[in-house]
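This report refers to the structure that appears directly beneath it.
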2 protein chains.
Amino acid sequence: MKSATQSALVFPETLSPATQALLDRADALCTRQGARLTQQRREILGLILSVNAPVGAYDLLEQMKTPDRRPAPPTVYRALDFLLEHGLIHRIERLSAFVPCTHLLHDDHAAGCNHDHDQDSICLHTAQFLICRSCKSVIEITNPSILDAVRTTCREQGFVIQSSSIEIEGLCAHCAAHRKTPAHQH
Amino acid sequence: MKSATQSALVFPETLSPATQALLDRADALCTRQGARLTQQRREILGLILSVNAPVGAYDLLEQMKTPDRRPAPPTVYRALDFLLEHGLIHRIERLSAFVPCTHLLHDDHAAGCNHDHDQDSICLHTAQFLICRSCKSVIEITNPSILDAVRTTCREQGFVIQSSSIEIEGLCAHCAAHRKTPAHQH
DNA sequence: AAAGGTATGTTATATTATCACATAAGCTGA
DNA sequence: TCAGCTTATGTGATAATATAACATACCTTT
């Protein structure tokens with residue numbers, strides 16, 4: 001009776017060249033920030049990058065096990081903390097799971113900033129997620145108008161943002177289209 | 001060695017008349033929705049209302065214990081699920097804790113709608129929280145422009161919102177003012 | 001090599017949440 | 001009223017997520 005979660009995540013045997021390239025990029029970003037993307041952190045980021053879904057800490061832990069090595073939870077959590085702090089991944093609160101930051105994947109100016117902001121130098125690295133309850137997909141969106149509205153409100157209140165999460169659960173376009181529309185109520 | 005959390009929440013011995021009034025109001029709201037605010041649910045909502053802070057499930061559990069009665073976790077979680085479904089409380093994901101919905105406390109039109117929305121009949125009962133890391137205060141804000149921005153984005157994407165949470169962590173105005181402003185970095 | 005910071009290993013345990021199954025309580029219609 | 005249904009609760013066990021505390025290793029600078 002394994003204690004692993006029942007989630008059917010598929011981890012590839014080996015990392016794709018594309019993933020390797022992203023890891024190299026992440027490495028460069030860390031270096032630029034005076035931080036070290038150690039082998040272990042790199043491994044864990046690699047696992048997160050190579051699964052097309054949010055991954056739980058214990059999924060990672062399972063995946064890291066070999067006959068030789070049985071890492072304990074702190075190993076994973078420490079790496080996750082590092083990756084979070086350096087803006088390489090996000091935690092999705094509602095799922096207690098982790099995904100790569102889209103900026104690492106797509107942006108050209110990726111993580112130009114250094115992420116320990118205070119005052120009103122809020123960096124755009126704030127995450128917004130659409131979580132589909134049906135197909136479990138999670139997509140990260142970056143909508144400046146949401147962010148602006150949040151910023152404005154905080155400024156009005158004198159509240160200093162350090163981090164924020166915006167998580168929207170529902171049905172993605174695809175799943176919504178493939179369901180009989182349920183009765184409306186109001 | 002109690003397993004209770006170390007949080008120093010203060011629960012009053014008895015409920016204030018104001019809290020009682022809110023409970024009656026909640027009761028009426030439930031009735032209107034064809035649901036029953038049973039004695040147990042009422043008790044738990046009462047506890048949440050009477051603490052001026054987010055409360056964890058196990059805090060509630062501790063508080064409910066008497067020499068006669070040792071409720072188990074499902075008792076609390078079932079009541080919390082009910083209260084969430086009926087829009088009487090919110091869960092703060094980042095804290096794994098619960099607070100009353102401000103609409104119950106303040107609004108006149110409180111929870112006029114019935115909360116199992118689909119399609120684009122998104123009800124305003126969506127929560128937005130400012131969480132102070134220093135003093136641990138949590139305030140719920142209701143900013144239509146944030147909500148509008150979220151709604152617009154979702155509509156563009158074809159995403160059907162079922163629920164959402166917006167959680168902003170940082171320093172409240174008071175705490176921000178009482179700190180030496182730390183060095184800026186960018 | 002010594003010293004100091006950073007990173008990792010390891011054991012134990014804390015904290016949060018759910019499952020599964022039994023019992024009770026409230027509601028409805030004959 | 002009571003049989004039968006639905007809803008609510010009790011109870012024991014356990015799952016899933018996360019951290020504390022302390023030891024060891026590793027890396028860099030002197």
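Proteins come first, then strands; the chains are lettered A, B, ... in the order of their sequence lines, and each starts at number 1. Only heavy atoms go into these numbers, but all of them, side chains included; no hydrogens, no water, no symmetry mates. Bear in mind the structure is a predicted one, so any value in this text is a computation, not a measurement.
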What is the distance from CG of A/L60 to P of D/dA16, rounded to the nearest Å? 15 Å
Sorted by position of nearest nucleotide on DNA chain D, 5' first, the leading residue of B/P71 and A/A57 is B/P71
Hydrogens and angles aside, do A/S145 and A/N143 bring a side-chain donor and acceptor to less than 3.5 Å of each other? yes
Give the rounded distance in Å between these two atoms: CG of B/D59 and P of C/dA14. 16 Å
A/L95 CG - D/dA16 C1' separation (whole Å): 14 Å
Between C/dT18 (P) and B/L80 (CG): distance, integer Å: 10 Å
Atom-pair distance (CD on B/Q39; C1' on C/dA25), nearest Å: 14 Å
Rounded to whole Å, please give me the gap between CD in A/E93 and C1' in D/dA18. 13 Å
Could you tell me whether B/R78 contacts a base, only the sugar-phosphate backbone, or nothing, with contacts defined as non-hydrogen atoms closer than 4.0 Å? base
Would you say A/S96 places a side-chain N or O within less than 4.0 Å of OP1 or OP2 belonging to D/dT17? no
Any side-chain N or O of A/Q40 below 4.0 angstrom from OP1/OP2 of C/dG9? yes
Check whether any side-chain nitrogen or oxygen of B/R91 sits under 4.0 Å from OP1 or OP2 of C/dT16, and answer yes or no. no
Face-to-face stacking of A/Y58 with D/dT17, centres under 5.5 angstrom, angle under 30°: yes
In this structure, how many angstroms lie between the P atom of C/dT10 and the CE atom of A/M64, rounded? 12 Å
Rounded to whole Å, how long is the line connecting atom CD1 of B/I92 with atom C1' of C/dT15? 18 Å
First encountered from the 5' end of DNA chain D, between B/R36 and A/Y77: B/R36
So, does A/T38 get its side chain near the phosphate of C/dA7, meaning an N or O under 4.0 Å from OP1 or OP2? no
